[in-house]
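First up is the structure itself, then whatever we jot down about it.
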Amino acid sequence: MTADVHPVTPDGRYFVVRGRLWRRSDPSLPEERRSALVAELMQARRAVGVALRKADKDALAEARANVDLAKVALGERGQVWWHDGTPDLNRRMVAGTPYAQWYEDAAGAPSETSAR
């Protein structure tokens with residue numbers, strides 16, 4: 001995902017989709033490793049779709065576990081990849097986080113008060 005599509009927080013840790021923070025991949029991953037992990041993630045996501053269409057619960061569980069493994073390896077889930085002690089805000093609504101003002105100002109998101 002790029003900043004052109006979804007705004008990225010100033011610290012580069014998250015991108016925002018429909019007002020929700022999503023953790024970005026670890027920027028310290030070598031490009032070759034990152035590309036391989038993204039390929040694994042896409043393969044696992046395709047397997048989720050196949051298992052859903054076939055209503056195969058065992059295959060679905062395995063595919064979802066593989067999605068999770070790839071996301072953890074990319075740094076999008078599991079241990080955070082930064083080392084300053086800042087807590088993980090993954091999947092939280094941006095409005096209730098320290099990024100709220102940035103999002104309102106920089107991303108042009110409507111404020112809670114102007115939305116009423």
Side-chain angles (χ1 to χ4, degrees):
M1 308 262 162
T2 66
D4 295 341
V5 179
H6 301 292
V8 175
T9 58
D11 56 15
R13 293 176 181 168
Y14 305 95
F15 62 93
V16 182
V17 178
R18 292 189 300 261
R20 188 174 301 275
L21 294 168
W22 294 93
R23 195 184 328 159
R24 297 181 76 208
S25 298
D26 182 347
S28 71
L29 287 173
E31 182 55 32
E32 187 175 302
R33 176 73 175 137
R34 190 196 69 74
S35 292
L37 290 169
V38 168
E40 289 177 23
L41 175 61
M42 295 301 101
Q43 181 178 357
R45 284 181 169 165
R46 285 188 296 276
V48 167
V50 169
L52 285 170
R53 286 188 294 280
K54 290 183 176 181
D56 184 336
K57 291 181 182 180
D58 292 336
L60 181 60
E62 181 179 348
R64 286 186 170 157
N66 287 336
V67 166
D68 189 59
L69 286 172
K71 286 189 150 293
V72 168
L74 283 163
E76 296 174 12
R77 292 184 184 161
Q79 283 293 116
V80 297
W81 44 261
W82 52 88
H83 304 286
D84 64 5
T86 303
D88 187 16
L89 302 174
N90 196 32
R91 301 182 185 183
R92 301 233 175 111
M93 296 304 291
V94 71
T97 71
Y99 299 106
Q101 189 64 53
W102 159 81
Y103 186 61
E104 185 176 328
D105 294 346
S111 69
E112 299 245 341
T113 55
S114 67
R116 291 182 190 163

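Note that these values count all heavy atoms, side chains included, but never hydrogens, waters or copies made by symmetry.
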Report yes if some heavy atom in the side chain of D11 is under 4.5 Å from a heavy atom in the side chain of Y99; otherwise report no. yes

Gap separating the NE2 atom of H6 from the CZ atom of R20, nearest 0.5 angstrom: 14.0 Å

Which pair of non-hydrogen atoms, one from Y103 and one from G19, has the smallest distance, and what is that distance? OH-N, 3.8 Å

Say whether, by atom type as modelled, one donor and one acceptor occur between the side chain of R23 and the main chain of G75 under 3.5 angstrom. yes

Would you confirm whether R34, through its side chain, and P27, through its main-chain N or O, come within 3.5 Å as a donor-acceptor pair? no

Roughly how far apart are L60 CG and K54 NZ, rounded to 0.5 Å? 12.5 Å

Point-to-point distance, once rounded to the nearest 0.5 Å, from CD of E62 to CG of D56: 9.5 Å

I need the minimum non-hydrogen distance between R24 and G12, along with the two atoms involved. CD-O, 3.3 Å

Say whether, by atom type as modelled, one donor and one acceptor occur between the side chain of R45 and the main chain of L41 under 3.5 angstrom. no

According to a 4.5 Å side-chain heavy-atom criterion applied to Ile, Leu, Val, Met, Phe, Trp and Tyr, with indirect links allowed, do L21 and V80 form part of one hydrophobic cluster? yes

Decide whether V38 and V17 are clustered together by the hydrophobic rule: side chain heavy atoms of Ile, Leu, Val, Met, Phe, Trp, Tyr closer than 4.5 Å, transitively. no

Quick check: is L74 connected to V48 through a chain of hydrophobic side chains (ILVMFWY, heavy atoms under 4.5 Å apart)? yes

Value rounded to 0.5 Å, distance of CG in L37 from CD in E32: 11.0 Å

Not counting sequence neighbours, list each pair that qualifies as a ring pair (Phe, Tyr, Trp, His ring centres under 6.0 Å) and has a residue in residues 48-95. Y14-W82

CZ of R13 to CG of D88: how many Å apart, nearest 0.5 Å? 9.5 Å

Walk me through it: do V16 and W22 pass the test side-chain contact (heavy atoms from CB on, under 4.5 Å)? CA-CA 6 Å; V16 182; W22 294 93; over 6 Å; no

What pair of heavy atoms forms the shortest contact from P98 to L89, and how long is it? CD-CD1, 3.8 Å

Quick check: is V67 connected to V72 through a chain of hydrophobic side chains (ILVMFWY, heavy atoms under 4.5 Å apart)? no

